[in-house]
Asker: 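Structure below; questions to follow.
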Amino acid sequence: MWTGCCTNLRLFTVVVWLGVLANWSFAVWAIFLNTDSLLRTFNLGAVDSTVWIYNYSVLLAILSCFYIPAAHDPYRYRANAWLLIVARLIPAGTFFIGVAMGYMPAGFARLGIGDATFGIIELFLLVRLLHDAENVVPAPV
């Protein structure tokens, strides 16, 4: 039992940290480098103004800081662990809806795919590791 729990915990930690690094990379590029080159590199499409991407990136960098406690200890920071999944899936839906309704260029669906992928993997791993932890029978004293 503990082997599966530890494996799921390690995988959850790695996936969350990869997501944090991806978010911070996006944010640094948009905030400190050239936002237009970010849009071109990822083929996101042209936008009238990059101000909202700059603002989104600042919020993304701050939000990602709240993922770190859950990556370190999802049992202790269970609320953070669940909220980081919500904070992946809701923006993914926003990107998909924004593209479908014509509010965002079609390339922004890529960001939705990225967030949805992280969110679904994190959800799967969190459910498994919490399930494994509940099924561990303590050793007799």
Side-chain angles (χ1 to χ4, degrees), residues 1-140:
M1 288 285 185
W2 279 105
T3 305
C5 184
C6 293
T7 301
N8 290 325
L9 177 59
R10 284 190 202 112
L11 288 172
F12 180 79
T13 298
V14 167
V15 172
V16 171
W17 271 107
L18 287 173
V20 167
L21 293 174
N23 287 355
W24 283 346
S25 298
F26 185 94
V28 165
W29 195 341
I31 296 168
F32 298 109
L33 304 173
N34 186 337
T35 305
D36 288 324
S37 72
L38 174 88
L39 295 170
R40 280 192 311 276
T41 300
F42 292 106
N43 198 24
L44 297 177
V47 295
D48 294 331
S49 172
T50 58
V51 172
W52 69 273
I53 296 173
Y54 177 86
N55 186 47
Y56 166 81
S57 297
V58 170
L59 296 173
L60 182 65
I62 293 168
L63 179 66
S64 297
C65 293
F66 291 97
Y67 297 176
I68 296 170
H72 175 68
D73 188 350
Y75 302 107
R76 182 174 180 186
Y77 300 102
R78 191 173 292 206
N80 291 54
W82 284 110
L83 287 173
L84 77 87
I85 293 165
V86 171
R88 286 285 184 193
L89 298 178
I90 289 176
T94 302
F95 286 125
F96 295 139
I97 292 168
V99 169
M101 296 188 73
Y103 297 130
M104 296 178 189
F108 276 75
R110 288 182 182 84
L111 297 178
I113 292 168
D115 270 336
T117 301
F118 274 110
I120 291 167
I121 292 170
E122 289 163 347
L123 174 62
F124 175 77
L125 291 171
L126 182 62
V127 167
R128 286 188 54 163
L129 74 90
L130 293 177
H131 179 265
D132 289 347
E134 289 174 2
N135 289 329
V136 173
V137 178

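What you are looking at is a predicted structure, and each value in this text was computed from that prediction instead of being measured.
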Asker: Would you check if L111 and F42 make a side-chain contact, meaning some heavy-atom pair closer than 4.5 Å?
Answerer: no

Asker: Under 3.5 Å, is there a donor on one side chain and an acceptor on the other for W29 and T35?
Answerer: no

Asker: Has R110 got a side-chain atom pairing as donor or acceptor with L44's backbone, closer than 3.5 angstrom?
Answerer: no

Asker: Report yes if some heavy atom in the side chain of S57 is under 4.5 Å from a heavy atom in the side chain of F32; otherwise report no.
Answerer: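 Counting from C-beta outward, S57 and F32 never come under 4.5 Å.
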
Asker: When the aromatic ring centroids of W17 and F118 are compared, is their separation below 6.0 Å?
Answerer: no

Asker: Within a strict 4.5 Å, meaning less than it, do heavy atoms of the V99 and P105 side chains meet?
Answerer: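 In short, these two side chains do not touch, never coming nearer than 4.5 Å.
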
Asker: For the side chain of N23 and the backbone of L60, is there at least one donor-acceptor N/O pair under 3.5 Å apart?
Answerer: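 Absent.
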
Asker: Verify side-chain contact (heavy atoms from CB on, under 4.5 Å) between I113 and F95, making sure each step is shown before the conclusion.
Answerer: CA-CA 9 Å; I113 292 168; F95 286 125; over 6 Å; no

Asker: Between the main-chain N or O of L130 and the side-chain N or O of R78, is there a donor-acceptor pair closer than 3.5 Å?
Answerer: no

Asker: So, do I120 and L89 sit near enough that their side-chain heavy atoms are less than 4.5 Å apart?
Answerer: yes

Asker: Evaluate the side-chain proximity of L83 to Y67: yes if any heavy-atom separation is below 4.5 Å, no if none is.
Answerer: no

Asker: Looking at A71, is its backbone amide N or carbonyl O close enough to the side chain of T13 to form a donor-acceptor pair, meaning the two atoms are under 3.5 Å apart?
Answerer: yes

Asker: Please give me the minimum heavy-atom distance between A30 and L38, naming the atom from each residue.
Answerer: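 So the minimum-distance heavy-atom pair works out to CB-CD2, 4.2 Å.
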
Asker: With heavy-atom distances below 4.5 Å as the criterion, would you say the side chains of F66 and L84 are in contact?
Answerer: no

